[in-house]
Structure formats: structure tokens, C-alpha cells
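Below, all heavy atoms of this structure are taken into account, side chains as well, without hydrogens, waters or symmetry copies.
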Amino acid sequence: MTRIPVFALRYPTVTTTIVVALLGLALWAFGAPHAVQWLFSGYGLVIALLEFIGMVRQLFRGSFGVDLLAVIAIVATILVGEYVATVLIVLMLSGGAALEDFAAGRAARELDALLKRAPQIAHRLDPASGAATDVPATEVLVGDLLLVRPSEIVPVDGQLQSENAAFDESSLTGESLPVERKAGDPVLSGSINGQIAATLMATATAANSQYQQIIALVEEASTSKAPVVRLADRYAVPFTVGALALAGLAWALSGDPVRFAEVLVVATPCPLLLAAPVAFMGGMSRAARNGIIVKGAGVLEALSRAKTVVFDKTGTLTYGTPAISEVRPEPGFTADELLTLAASAEQYSSHVLAASVLGAAHERGLALHTADSASEAATFGVEARFGPGTVRVGKLSFINDGAADATATHLAGGELAMYIAVDGRFAGSIVASDRVRDNARQSVADLARLGVRENLMLTGDARATAQHVAGQVGIVHVRADCLPSDKVEAVRALTRRPVIMVGDGVNDAPVLAVADVGIAMGAKGSTAASESADVVILLDDISRTVRAVRIGRDTVRVALQSIWLGIILSVVLMIVAAFGLIPATAGAISQEVVDLITILNALRAIGGRRDGVRAKRVVLGTLAALPKVLEKADRPVLPGVDRPV
């Protein structure tokens, strides 16, 4: 019931033009054709004057608009008595603006949805009474216990306290299926709770939560304009000159001034101005639906032309967390026995490798021993006493103090070892490595197929480790032992541009900022990396880098196709009109059809819904700061000793 008034207020020129047209039709029906001519001509002159004033203002801002042709066409049709065409041209101009507004709204709906769904209210729980009190999400403090009711949006980042829960993260990651979380798992703000109420402890304020960071990126993206859009604006001058020349030639050869008006009517180039902005807004919308926030339409254009890609190693090409790759027991011990002993001692260690050992033990279903006492030598190892026996786990030098027979094990590039001694006897070693991502090699190959053929790895790791990882993923050029400043200089020195830089940590923030396109693995990476990057990938999935480049290429292709489609159709119509085959009234209608065709073509940049459905289930890095199997020292351990130590 309210749609008509809303439309009238939103598009007043369209509404007024329709009213004027209906009034003219009524006057014609009552036998007053002269009144119709005066009405249509007067209205056309008013619109032409308003458009002319707008063009003058645009010129002062340094931009030339092709609506000059529309103004000339309006005046020309009035002078030659084609007043019906006058109204149709006005309707075409105002209708084109309305189509642009509608198309941009359609293209940006995923971006707008993020902004509108920003959590506003949180239910804070009283630890003593368990009562819930509604507070603004902005007042939530780290450590607050919160209740998230069924189907509610999670207001801030938190750690799940309930035994388990399911969350819809589609607006954040593109994952179409609900994601199961267990007690202790992190939960992202902006995700939607399932059908069971959940309790979580806030781990960040609203301003520092994932959803608010995404909103900030989206707001920045939605106000940008790409170079290719400015390129479309530059078509205005030659197009205008060509149209005026053709119209003048048609008038001169035919001797009929009506020809001049007929050519200019079909030359009104709304598609030239509408196609590119609509396409780029559609491309950013498609990227957001795929878990990729693009911080500017110009970034899509740079992605489409990229020639070189630079990767950080740890956390980008690799998972960034060490995993146990091999257990090497000495005679007298089995692999499971050695791993059980190591994990039983490592549960009292704060070392980063302790989590990996515990994870490997739990994956094998091994029961851990409870220590009578334990002590840790920071950065060297841990010693734990189990009944009459003692277990030492750590560096070789730490083990040698109690087990002189301990020897170093062979390690390949990217591997490291921890050594185990039992009651002064060398028991074996456990090898760990930061595993290369399963899809890293395929992603590098896919980027090469898309035209990003030059690749380089920049890392602070040792050369042997860097070369080993590079060989696994198919990267030819490697620079190791890099400080952040070294990475910046390396990217600046690259000649094949634009250059894409993919990283994830605080140390990558400077180089992400200097690259032509910085891509941050934002789900896992630091806020600094996300803020300095041009693209933020919300999934811990390097293949989304390939998808970002593909979306950029598709968007630019659709934008240019739409621009040239509008130009070609307009030129064809101008040539036909120059021969007097299209009356001014029919020409105005045909140009409106061209506008519609061009805008609909530009909307192809949005892509299909299959983009979102295709998203694979990937564990977000933010949700895996430590392996889920990590049992902290202050938690109960599995009792039972199945072997004397």
C-alpha cells in the first residue's frame, strides 16, 4: 500500500514525467493537441535546464558528462515539433537513473545485509544468580558471560561455554551449512545461533569483534570507484563529438533538421554511465558472498590485471601450527608407548609443541599418565615424575643431561624434533613440521592459469625450510631470513605489476600495504594485517585468493562488455536514424531498451547463488588458535598407568 508513495518520493522526476504524460494524453483525448505540445515542450525545457545546470556543476568537479547529448536532443525535438519524443527522452533520462539505483541496490544486497545485521543487544548473565540482563552490545566487556538465544545473532566474539551448539556462519564465511562448535571453541560475532540456547564468554568487545571489523571493511568498500569506471567517463568526450558529427552530417545531407533530432535521441548514452558502476558493485557483492571482503572497486580492477603473486610462508602456505609427522622410538619402546610418555609429560608444558603432542596422543586414543610432580625448563623441555620413574621431553641438549646416549635424528627441511628420555635412557624422538596446506600447490597453479605467472615466497624462516616448502607448492623464487622491512623492499623492487601479496600476521602488515593488492587471511590473521590489506579472506583457505582474482577478472570483463554493448547498440541506432528509418519517438523507446539490456548485462557480475553453495567447510583460523584436543594442565587428565615407568 505504501509502495507507490515511496517510489514517488524516491524517483520524483520519473513520477512527474509519468503524470505529465498522462495529463497530455487526457488533453489529446479532449481535442487539445496544441495544449499537449505546449505542456510537453515546456516540461522538456525545464528538465533540460536542470540537467544543464547539473552538467555545469559536474564540469567544475572535473568530470564531463555525456548527458549533454540528452539536453541537445530535448531542445532539438522541441524545435522540430517532435514533442512526444521530448517526453520520452525525459522519461529515458530519469528512468535510467532509477534503473541504476535499483541495479546498484540489487548488486549490493549482500553488503547491505552485513550492515543491517549488526548485533545491537546482548544478554549478560549474572554468574551468581544466572539471570540474564539485556545490555547494548557495545557495553559487553571481555570475560562477561552471555546468553545467546535460538536464532539470535552472536553479539561479540566469544568462547562457547555450553557443551555444544550449531551456528550459521554463512554471512561471514560463505559456508552454507551450520557449523558445529563444542565447549571451549571460539565463536564469531555475526554468526547465528541454532535452535538451542547457548552460553559463551566474551573474548573481545564489540568494537574489536570479527563482525564489526567486517562492517568497517564493507563500509569502506561500498564508497569506492574503480579506475575502469573513470575510463567509462572518459568515453564521454569522443562519444559526444561523434554523435554530434553524425547528427550534423545527417542534417546536412538530407536538408531535414528532424534528422539531427532523430540521431541525438538514440545517441543518449545512459548505458555508458550505468554499466560499469553496476558491474563493480555486483563484483564486490559476489566477493562478499564468497567470504572475501574487497575494500574498493578499484581493487577488483587491479586483481584482474595482476601479473605477480607474493606469499608469506607460515600461516599462509602452511597451516601455521606444528603437527606430529613421525614418532621414532628406540629399541625397547613402541611408537604408542613413546607418544604416551611424551604426551603425559607435555601436558604440564606451556611450549607450543606440547599441544601438537597432546593432539597426536588423543587422536590415537592413548591414555595419559598423571604425574606426581613436574617441572619445566623454559624453552628447553619438561621433566615429569610418574611413581618411581622420570620422563624428560625437550631439546637434545636438555635430554643429554640425563641420557648421554641420546643422538640427533635426521630431519628434512621444515622439520624439528623433540627427544624423550626415560629414567636416564634415550627412548626416541618425535618429529613435527608445519604442514603445507592441502590446496596450496593447486592454488599457485590456478593463479598461473589466470595470468598471475610470476610467484615469490618471502619468509623470515631459514632458507632450507623455505626452499622445502616452496618446492612442495611449486614456487620458484624464494627469499628467506626476511625482516618485515626486507619484505617491503622486495615487493617494491618487483617489475611485473600489479603485484598481489598474500599474508596473515602482524609482520605482514607493512608489505600488504605497499603491494598493489594486499590479501590478508583475515580469519586467522591479525587486525593489523586485515586493516592494511585491500582484500580480506574470511576463511582460512588460500584457494580463496584464486577466487578473488577470478571474480576481479569476471567483473572487469562484464563491465567492459556492458560498456561496449551500450556503445555499439547506440552507434547502430544512430546510423539507422541518420537515414531517417527511426522516427524520434520510436528512437527514444529503442534507447530505453538499450539501457535496460546494458544494465541487465552488467548485473551478470553478481554471479549465481552457486558461488555461496560451493563454499567448502573450512575451519576458521580464529576458531583454532590451539588444537581442539588441547587439555590444559589445570584440567583433569586421563587416569591409569598401563606400563611401569
Side-chain angles (χ1 to χ4, degrees), residues 318-319 321-436 465 468 626-645:
T318 66
Y319 286 103
T321 53
I324 303 304
S325 58
E326 190 177 356
V327 179
R328 300 173 180 174
E330 290 293 300
F333 297 88
T334 67
D336 281 355
E337 288 172 344
L338 186 64
L339 186 58
T340 298
L341 293 171
S344 297
E346 288 283 31
Q347 64 187 332
Y348 303 101
S349 171
S350 60
H351 193 274
V352 63
L353 287 177
S356 302
V357 176
L358 286 166
H362 284 298
E363 285 178 3
R364 298 192 186 190
L366 304 177
L368 306 185
H369 312 324
T370 303
D372 296 328
S373 63
S375 62
E376 182 176 17
T379 75
F380 286 97
V382 62
E383 180 178 289
R385 181 173 292 278
F386 302 90
T390 301
V391 176
R392 273 195 167 201
V393 183
K395 292 181 178 180
L396 182 61
S397 59
F398 180 70
I399 301 302
N400 279 142
D401 288 343
D405 60 334
T407 56
T409 189
H410 172 73
L411 297 176
E415 292 182 335
L416 51 86
M418 63 191 76
Y419 298 88
I420 301 95
V422 179
D423 291 337
R425 175 189 172 192
F426 181 44
S429 58
I430 297 176
V431 179
S433 62
D434 184 5
R435 293 185 299 113
V436 170
T465 301
H468 177 73
L626 290 175
K628 294 180 181 180
V629 295
L630 175 60
E631 296 286 343
K632 301 199 182 218
D634 58 348
R635 293 184 182 178
V637 295
L638 296 175
V641 178
D642 53 9
R643 180 182 183 278
V645 294

Any chance you could lay out the side-chain contact (heavy atoms from CB on, under 4.5 Å) test for Ile420 and Ile399, step after step, and finish with the verdict? CA-CA 7 Å; Ile420 301 95; Ile399 301 302; 5.9 Å; no

Regarding Glu383 and Ser375, do their side chains bring together a donor and an acceptor under 3.5 Å, going by distance alone? no

Minimum heavy-atom distance Val393-Ala342, with the two atoms named: CG2-CA, 3.9 Å

Glu326 CD to Ser429 OG distance, which is reported to the nearest 0.5 Å: 8.0 Å

Gap separating the OG1 atom of Thr370 from the OH atom of Tyr348, nearest 0.5 angstrom: 5.5 Å

Closest non-hydrogen atom pair, Glu346 against Leu358: O-CD1, 4.4 Å

Nearest 0.5 Å please: distance from the CG atom of Asp423 over to the CZ atom of Arg392. 12.0 Å

Where Val422 and Ala427 come nearest, the two heavy atoms and their spacing: CG2-CB, 3.9 Å

Taking atom OG of Ser349 and atom CE of Met418, what is their separation to the nearest 0.5 Å? 9.0 Å

If every non-hydrogen atom of Leu368 is compared with every non-hydrogen atom of Ala343, which pair is closest and at what distance? CD2-CB, 3.6 Å

Pairs under 3.5 angstrom only: tabulate donor-acceptor contacts from the side chains of residues 401-409 to other protein residues two or more places apart or in another chain.
from   : atom 1 : to     : atom 2 : distance (Å)
Asp405 : OD1    : Phe426 : N      : 3.4
Thr409 : OG1    : Arg328 : NH1    : 2.6

Side-chain heavy-atom pair Leu338, Glu330 within 4.5 angstrom cut-off: no

For Arg435 versus Ala323, what's the shortest heavy-atom pair and its separation? NE-CB, 3.8 Å

For Asp372, give me all partners under side chain to side chain contact (heavy atoms under 4.5 Å, CB included), at least two apart in sequence or on another chain. none

Side chain to side chain contact (heavy atoms under 4.5 Å, CB included) with Thr334: which residues, sequence neighbours excluded? Asp336, Glu337

If every non-hydrogen atom of Ala367 is compared with every non-hydrogen atom of Thr340, which pair is closest and at what distance? O-CG2, 3.3 Å

Using a 3.5 Å distance criterion without hydrogens, assess whether the side chain of Ser325 forms a donor-acceptor pair with backbone atoms of Val431. yes

